[in-house]
Student: 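Mind looking over this structure? Questions follow.
Quick caveat: nothing in here was measured; it's all calculated off a predicted structure.
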Amino acid sequence: QVQLVESGGGLVQAGGSLRLSCVASGRTFSSYVMGWFSQTPGKEREFVVGIDRSGSTTYYGDSVQGRFTISRDNAKNTLYLQIDSLKPADTAVYYCAAGNTLVPGRTEYQYAYWGQGTQVTVSL
C-alpha cells in the first residue's frame with residue numbers, strides 16, 4: 001500500500017498560480033501511475049491530468065491542456081500539479097491518486113489509493 005498527502009492549496013486571486021504537491025510513502029512511488037482529480041460540492045469527481053511511472057508522458061482530461069502541468073520527482077516521492085492563470089471555475093478540492101494500470105485512467109475506479117484532498121479557492 002501507499003499513503004498520499006496533498007498540500008499547497010489556498011485562496012488565490014484570479015490570474016494567479018498555485019503548485020499543489022502530493023507526497024507518497026509506504027511503497028515504491030515509481031511503481032505507480034499517478035493522477036489528479038477535482039471535485040466541487042454536489043458534483044462527480046473529475047479527472048484532471050495523469051502521468052506515467054517515469055514522468056515521461058502526460059494524459060490530459062477534457063479542456064485542461066495549457067493551464068495544468070503535472071510532474072513527478074520520483075527521488076522525492078512527490079507528485080506536483082501546477083495551475084496557471086487560475087479562474088473561479090477552478091475552485092475545487094484537488095485529490096491525488098495512485099494506480100496500477102498501464103496508463104493513468106480517467107475514472108476513479110482505476111485508482112486504488114487516494115489522498116485527503118487540498119482545497120483551491122479562486123476569487124474574482
Student: Classify the ring geometry between F47 and F37 as parallel (under 30°), tilted (30 to 60°) or perpendicular (over 60°).
Tutor: perpendicular
Student: Does R72 count as lying over the ring of Y80, i.e. NZ or CZ under 6.0 Å from the six-ring centre, within 45 degrees of the axis?
Tutor: no
Student: Counting distance only, does the side-chain N/O of T57 pair as donor-acceptor with the main-chain N or O of D52 below 3.5 Å?
Tutor: no
Student: Taking atom CD of Q110 and atom CG of L102, what is their separation to the nearest 0.5 Å?
Tutor: 10.5 Å
Student: Tell me, yes or no, whether the heavy-atom count around E46 atom CD, taken from other residues, nucleotides or ligands under 6.0 Å, exceeds 12.
Tutor: no
Student: If you take all heavy atoms of S21 and T78, which pair is closest and at what distance?
Tutor: CB-CG2, 4.3 Å
Student: Nearest 0.5 Å, please: how far is CH2 in W36 from CD1 in I51?
Tutor: 11.5 Å
Student: What pair of heavy atoms forms the shortest contact from Q13 to L124, and how long is it?
Tutor: CG-O, 4.3 Å
Student: Quick check on the hydrophobic clustering: are V49 and V120 connected, directly or via other members, by side-chain heavy-atom contacts under 4.5 Å?
Tutor: yes
Student: Identify the two heavy atoms, one from L81 and one from Y94, that lie closest to each other, and give their separation to 0.1 Å.
Tutor: CD2-CD2, 3.9 Å
Student: Do T121 and V12 make a side-chain contact, defined as non-hydrogen atoms from C-beta onward lying under 4.5 Å apart?
Tutor: no
Student: Given the rule that I, L, V, M, F, W and Y join up when any side-chain heavy atoms are under 4.5 Å apart, are Y95 and L86 in one cluster?
Tutor: no
Student: Taking Q116 as the fixed residue, which of L4, V93, V5 is the one that meets the side chain to side chain contact (heavy atoms under 4.5 Å, CB included) rule?
Tutor: V5
Student: So which pairs with a foot in residues 27-56 pass disulfide (SG to SG under 2.5 Å), sequence neighbours left out?
Tutor: none
Student: For Y111 and M34, work out which heavy atoms get closest and say how close.
Tutor: CE2-C, 4.2 Å
Student: Has R67 got a side-chain atom pairing as donor or acceptor with S85's backbone, closer than 3.5 angstrom?
Tutor: yes
